[in-house]
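Input: a single structure, listed below in C-alpha cells.
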Protein chains: 2
Amino acid sequence: MTRWLNDDELRAWLNLAGVMLKLSPTLDSQLQRDSDMTHFDYLCLAMLSESADRTLRMSELAVRTNASLSRLSHVVKKLEARGWVERFPCADSGRVTMVRLTAEGWRVLVAAAPGHVETVRSLVFDGLDAEDVAALERIAGHVVELIEQAGLRTVT
Amino acid sequence: MTRWLNDDELRAWLNLAGVMLKLSPTLDSQLQRDSDMTHFDYLCLAMLSESADRTLRMSELAVRTNASLSRLSHVVKKLEARGWVERFPCADSGRVTMVRLTAEGWRVLVAAAPGHVETVRSLVFDGLDAEDVAALERIAGHVVELIEQAGLRTVT
DNA sequence: GATTGAAGGTTGAAGCATCAAGTGTTTGCT
DNA sequence: AGCAAACACTTGATGCTTCAACCTTCAATC
C-alpha cells in the first residue's frame, strides 16, 4: 500500500523540487561566469577557509560539503591542478589524505565571495522574515537528517 | 558593500544547500536502481501523464519541469529512444514540437511511482506536521519565484 | 606474525547537464 | 512581397557526477 502525497504535500514537494532544479544551476551559472568555479568548488574552498590551518582530511571535507569521497576526490584533483588547494599525506595515518587551501585559493575565494553571497541573498532570503529563516533552517535540517539516517547512500 | 548573511541565515543556507546536495542524488539513485531512470526522467513522465492527451509542447514541459529547453531536448530524445514518449510536429505551428507519453511510458511510470513516492515521503515528509508542510510550500515557492524573476537564466 | 576485514582514497568509464551555436519557422514592418 | 528579428527547438562539445572496481593502510583476531 503506497502512502501517496496529499495535495498540500504534493505542492510543497513540487516547489522543493523546483528549488533543486532551478537554484543549483543558477548558482553554478553565476559562479562559473564571474569566478570560473562551480558552486561545489566554492563550498570546498569555503569549508577549508574556516578550518584550523585551512586544512581538513578528505573524508571530513566530504562530510562538510555533503559529497561522496569520489566526487570530492575528482574535484580536489582539479582544484589542486589550478593551485587553489594542495594535498599531502597525514603524518599520523598513512591512509589519510589532507587538503589545504593555498594562498592563491584564499585570494580566489575572497574574490568570489561577495558576488556569490549577494546572489544567495537575492535568490533565497530577500522577502523572508526571521520566522521564515528559522523555519527554513529547521525543515531543511530535518530533511538532511532523514537522508543521513536512511543512509541508503553508503557511498563510495 | 556586500550584505553578508547573519548566523541564522548562514545556518539556514547551509542546510538548504545540504538538501540540494544530498536529496537530489539520493532520489536519482533510488530511481536509477529500481526503475532505470533519473529523477528528471520521472518528472517528465509524471508531468505528461497529468496533461490532456498525455501530451505537451516541449516548451510547456520545460516550464513544468523547471528545465531548459536544451536539457529537455536531450532527455526527450533518450526517452523517445526507449519508447517511453514520442515526438511529433504540431499541426498549428511548424516550429512547435509536441511530446506524448506512450502506453509503454505510462506503464513504466506507474511501476516507478510507488517506490519513488515512498522515498520522497520517507526522506522529506516523515516527521513534518501540517504547519511545516505549509511553511515548506510557501518558502520554496517564494524561492522559485525569486529565481524566475531574476530571470538571469534566460536559458537556451 | 599471518590473515582477514574494514577504512580511506583514487581512478576510469559511462551517463548527464550546460553552454554556445545552429536550423527552420513565424511574426512584424515597410 | 521582402527582410529582420524573434521564437521553438536541436545539436555537439565540454566538463561534472556517479558507479563500480581498485589499491593501500590500519585493526583485530587467531
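What you see is a predicted model; the values in this text were computed from it and never measured. Throughout, protein chains are lettered first and strands after them, A, B, ... in sequence-line order, and every chain is numbered starting at 1. We use all heavy atoms of the structure for the numbers below, so side chains are in, but hydrogens, waters and symmetry mates are not.
- In this structure, S93(B) does not reach the dA8(D) phosphate: none of its side-chain N or O atoms is under 4.0 Å from OP1 or OP2.
- S70(A) contributes a side-chain N or O that forms a donor-acceptor pair with the base of dT11(C) under 3.5 Å.
- Separating the CG atom of N66(B) from the C1' atom of dT18(C) is a distance of 16 Å, rounded to the nearest angstrom.
- A residue-by-residue look at G94(A) and D41(A) shows that D41(A) has its nearest nucleotide of DNA chain D further toward the 5' end.
- For the pair K77(A) and dT11(C), the criterion of a side-chain N or O lying under 4.0 Å from OP1 or OP2 is met.
- Atoms CE (M98(B)) and P (dT10(D)) sit 12 Å apart, rounded to a whole Å.
- Under 3.5 Å, the side chain of H74(B) and the base of dG12(D) form at least one donor-acceptor pair of N or O atoms.
- In this structure, L23(B) atom CG and dT18(D) atom P are separated by 13 Å, rounded to whole Å.
- When the side-chain nitrogen and oxygen atoms of R95(A) are compared with OP1 and OP2 of dT10(C), none of them lie within a distance under 4.0 Å.
- In this structure, CG of L43(A) is placed 11 Å from P of dT17(D), rounded to the nearest angstrom.
- Residues W84(B) and S35(B) come closest through the heavy atom pair CH2-O, 4.2 Å.
- Residue T97(A) places its side chain closer to dT10(C) than to any other of dT10(C), dT18(D), dC9(D).
- For R57(A) and dG8(C), the shortest distance from a side-chain N or O to OP1 or OP2 is below 4.0 Å.
- When rounded to the nearest whole Å, the span between CG of L79(B) and P of dA17(C) equals 11 Å.
- Mapping T38(B) and Q32(A) onto DNA chain C by nearest heavy atom places T38(B) at the nucleotide closer to the 5' end.
- The phosphate of dA17(C) (OP1 or OP2) has a side-chain N or O of R71(B) nearer than 4.0 angstrom.
- Looking at heavy-atom distances under 4.0 Å, S73(A) makes contact with a base.
- Side-chain nitrogen and oxygen atoms of S29(A) include none within less than 4.0 Å of the OP1 or OP2 phosphate oxygen of dT18(C).
- A straight line from CG of D36(A) to C1' of dC19(C) spans 14 Å, rounded to a whole angstrom.
- As a whole-Å value, the separation of L27(B) CG from dT18(D) P is 12 Å.
- Remark: the backbone N or O of T55(A) is not paired with any side-chain donor or acceptor of D53(A) at under 3.5 angstrom.
- The 5' end of DNA chain D is approached more closely, in terms of each residue's nearest nucleotide, by K78(A) than by the other of D92(A) and K78(A).
- Rounded to whole Å, the distance from CG on L72(B) to P on dT11(D) is 13 Å.
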